[in-house]
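Quantities reported herein were computed from a predicted structural model and do not represent experimental measurements. All residue numbers in this chain count up from 1 along the given sequence.
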Amino acid sequence: MELVKEDIMSGYGCSDHFMESDTFLHSWQSLAQLLCSPVCQDIICDVGMPVMHKNIPYNCRVTFLNRKILLIRPKMVLCNDGNYRETRFFTAWAKPKQIEDHFLPRMIQDITGQVTVPIGDAVISTVDTCIGSEICEELWSPDSHNIDLSLDGVEIICNGSGSHHQLRKGNVRVDLIKAATARCGGIYMFSNLIGCDGERVYYDGGSMIAVNGQLVKQAPQFSLQEVIVSCATLDLEDVRNYKSSVRSRTDMGSRTTPFPRIQCNFALSCDDIFQPTSEPIEWHYHTPEEEISLGPASWLWDYLRRSNQGGFFLPLSGGIDSSSTACIVASMCNLVCTAIRNGEVKVLTDIRRIVGDPHYAPDDPQELCGRVFTTCYMGSENSSQETRNNAATLAKQMGSFHLSISIDIAVAATLSVFTSALKLVPKFKVHGGSPRENLALQNVQARIRMVLAYLFAQLVLWARGRSGGLLVLGSANVDESLRGYMTKYDCSSADINPIGGISKTDLRKFIKYCIAFFNFTALESIYKAPPTAELEPLADGKIAQTDEQDMGMTYEELSVYGKLRKIHHCGPYSMFCKLVQMWGDRLSPQEVADKVKHFFCSYAINRHKMTTLTPAYHAENYSPDDHRFDHRQFLYNALWPWQFRFIDQQIQKLEKSGGFRKEKQSKVSSATMNFMDKTVTSGRSTEGVGGRTEQGQSFVGQPSLPAGVVVTIAADSCQPDARLQTEWQSPESFSMEANTVTSHLVNSVLREENTLETEIETSFYRMEQEDRRCILKC
């Protein structure tokens, strides 16, 4: 049996092209070719395509065998959030366990000899098993279709999917598919799209086959291959034994309403009892740093080869962001060379066309980088020698064709036009200028860099004796876009941006990964340097301007704001309420309010910039991309009078109650339990409390550790000698010890402050998974 991806005939990313009748026509034409193809004979094929039934467009699976269509199965749950707007183009099939007759186009009738075929929610019964279908979003829905299928005796479930890549998302798919077969047994075939489908998202592949809660096949992610075939041989008797042993399933299955069954005189199994079956495997997860290295690099390759351009142009400033973009291009060159060494003829054909050499066969990523990648340091009188050197050294290590220019002449010429017209000379703030003058002088530098970037991108290959142009790459990260910390139509304006959906925190980790993996040692000084735009005059040759100082917030805080705003759907007031709890141990409510107000004012003032954001690789689910992911107005009242007034009222209530007043907080805010040892139990690695097992399940509540592990309970720095070490025996014994020591510490401090009237209650307050600790909040 062969399973391919969702909407494979038309391409999943057609969007509004699904409203065109041509898309449906060409999909049927493609299906006609498959029906006649000799490679599609004597095999059940399951493909995805749009189908118009009774003038209603459906997203469907079409199953066929030996030039006969067996079933058209419409999608029953459409994806309508995040990057997806399926309800704009399609209608969900609303008749569960019902089928109708669909009249085939005449071109298909001539091939199959069929006038009508069944369309609807049905399953296919072969002579040896039963096959059902689940389409992408149906797996993710609260009432997954695989449950009903499994209860009705379906043994093989096929899912042709279009699931895009997002950082740290891989385990979600794996867990869903393993759970689907662990509950009721069965075989689950998951086929996912791979590559750039012409949009901001990248489909990372990772197709898989699972049986009875265990994976037996994993297809590669982030591959440059256009077609990846994954096969597994499984025993249907293993499925039947598993299903019959789950007594709750057999009881529920005996009462379920049956699906319509389409009879198919064909067998999937063979009589060879010595045929080896596929063994269970452990899924290989990529780290977030590896995902950044591979996902955007594959996306860039698809964009480059399909746009028919000659390479990329990047303004390389010597900072974290532009260096990250450069490293992603270097990673792309590594992927291309690796694919060619592995015999990928299509990749070799594409790179020869891109560089204009029909005999070119790249083997060295550095040499390839020099052909397809141009970097340019656009310095000014405000640029430091340190960033200039960093950019040049990094370019040399990765092999790019590097230029270093000065933009001072262009800046002076532009300002002279203004001065001649209005007889005024704007000044920087350090020279006595106003904030408006200071900002305008910074922006003119940034915008001139954008103009020069496109000039060089159009003419560099011409100057090097080659035809074609270069794609300009942007390097604004998701946090700066969220804050609006960029100049409209500056270097953030480009053709595409591979890091536009990645946070500054993740990019810093990615830089450290590139130092180790690619041996780009120039990144070490770039990593240590404070982020700066270098648009204001230097102080004694040193950088006087930093990004975080300009923004009035740290990048770590920006990530928190972004996740609360988009993922947790917080407005100003609800964000304040959450951050008072999150940051209450180090900030007063007034300080938290000031930070929240500053963020939302900055967000509102700069929201209009999101309408012109460069198309960026989607990697974070708090992206402010205005195109389709984050639909909000771009004209705000930046004072947020109603919301901010309620924040102020809440502060007054807190101050009256004294509940969160910083000056009244105890010096001992918490006692921390640190697990120094990494414990291994029954072959499973467990790191601290609230950690994750290999299966990816979090555990909460009282910590559970093997007896004998040494646990250290320590007070804050105000009581450095108050420390207790004890051997873990059980949750009860640990809780008793913890209560004893924390009560002792708190009471001793309270006696010093004469606040004995305060009643202390010690309890587990929260679990911090990443820090591998459990905080006992007093």
Can you tell me how far apart [atom1] ([X]) and [atom2] ([Y]) are? Round to the nearest 0.5 Å.
X: Lys423; Y: Thr419; atom1: NZ; atom2: OG1; value: 9.0 Å
X: Cys577; Y: Met582; atom1: SG; atom2: CE; value: 13.0 Å
X: Glu480; Y: Asn606; atom1: CD; atom2: CG; value: 12.0 Å
X: Ser298; Y: Leu335; atom1: OG; atom2: CG; value: 5.0 Å
X: Thr414; Y: Gln445; atom1: OG1; atom2: CD; value: 10.5 Å
X: Phe312; Y: Leu471; atom1: CZ; atom2: CG; value: 5.5 Å

Take atom [atom1] in [X]; do more than 12 heavy atoms of anything else shown fall under 6.0 Å from it?
X: Lys597; atom1: NZ; value: yes
X: Lys578; atom1: NZ; value: no
X: Leu422; atom1: CG; value: yes

message: Ring centroids only, cut at 6.0 angstrom: are Tyr603 and Tyr636 within range, meaning strictly under it?
response: yes
Write down the atom of [X], the atom of [Y], and the distance for their closest heavy-atom approach.
X: Asp321; Y: Ile499; answer: O-CD1, 3.5 Å
X: Ala326; Y: Leu316; answer: CB-CD1, 4.2 Å
X: Cys369; Y: Cys333; answer: CA-SG, 3.7 Å
X: Ala446; Y: Leu535; answer: N-CD2, 4.4 Å
X: Cys601; Y: Ala638; answer: SG-O, 3.0 Å
X: Tyr617; Y: Pro498; answer: CB-O, 3.6 Å

Quick check with a 6.0 Å cut-off and a 45 degree axis cone: is [X] positioned over the face of [Y]'s six-membered ring?
X: Arg508; Y: Tyr527; result: yes
X: Arg371; Y: Tyr360; result: yes
X: Arg464; Y: Trp462; result: no

Do the non-hydrogen side-chain atoms of [X] and [Y] ever get within less than 4.5 Å of each other?
X: Trp642; Y: Pro572; answer: no
X: Arg168; Y: His286; answer: no
X: Val355; Y: Arg466; answer: yes
X: Phe313; Y: Thr375; answer: no
X: Ser602; Y: Tyr485; answer: no
X: Ser293; Y: Phe517; answer: no
X: Asn83; Y: His164; answer: yes
X: Lys653; Y: Gln650; answer: yes

Salt bridge flag under 4.0 Å for residues Asp350 and Arg353: yes
query: Is the shortest distance from a Lys or Arg side-chain nitrogen in Arg88 or Asp16 to a carboxylate oxygen in the other one below 4.0 Å?
result: yes
task: Walk me through it: do Lys566 and Arg632 pass the test side-chain contact (heavy atoms from CB on, under 4.5 Å)?
output: CA-CA 11 Å; Lys566 178 63 178 176; Arg632 300 167 196 250; 4.0 Å; yes
Distance-only donor-acceptor check, side chains [X] and [Y], under 3.5 Å:
X: Ser559; Y: Glu556; value: no
X: Thr325; Y: Ser322; value: no
X: Arg388; Y: Ser383; value: no
X: Thr487; Y: Asn443; value: yes
X: Asp648; Y: Gln652; value: no
X: Glu534; Y: Ser384; value: yes

query: So Trp299 and Tyr303, would you call those rings parallel, tilted or perpendicular, with 30° and 60° as cut-offs?
result: tilted
task: Name the orientation class of the two ring planes belonging to Phe520 and Phe518 (parallel below 30°, tilted from 30 to 60°, perpendicular beyond 60°).
output: parallel
Side chain of [X], backbone of [Y]: donor and acceptor closer than 3.5 Å?
X: Ser400; Y: Lys396; value: no
X: Asn477; Y: Gly500; value: no
X: Ser416; Y: Ala413; value: yes
X: Arg85; Y: Gly82; value: yes
X: Thr393; Y: Asn390; value: no
X: Asn497; Y: Thr614; value: no
X: Arg447; Y: Lys488; value: yes
X: Asn438; Y: Phe428; value: no
X: Ser380; Y: Asn382; value: yes
X: Gln366; Y: Gln397; value: yes

field: With Glu557 via side chain to side chain contact (heavy atoms under 4.5 Å, CB included) - residues at least two apart
entry: Met553, Thr554, Tyr561, Trp583, Lys595
- request: Using the test ring pair (Phe, Tyr, Trp, His ring centres under 6.0 Å), find all partners of Phe456 that sit at least two apart in sequence or belong to another chain.
  value: none
task: Test Thr521 against Glu524 for side-chain hydrogen bond (donor to acceptor under 3.5 Å, both in side chains), laying out the working first.
output: CA-CA 6 Å; Thr521 55; Glu524 293 176 353; 5.9 Å; no
query: Can you list the steps and then say if Leu403 with Phe401 is a side-chain contact (heavy atoms from CB on, under 4.5 Å)?
result: CA-CA 7 Å; Leu403 302 168; Phe401 179 72; 3.9 Å; yes
- request: List the steps, then state whether side-chain hydrogen bond (donor to acceptor under 3.5 Å, both in side chains) holds for Thr287 with Tyr513.
  value: CA-CA 10 Å; Thr287 65; Tyr513 166 83; over 6 Å; no
Stepwise side-chain contact (heavy atoms from CB on, under 4.5 Å) test for Tyr377 and Ile405: CA-CA 6 Å; Tyr377 182 83; Ile405 65 173; over 6 Å; no
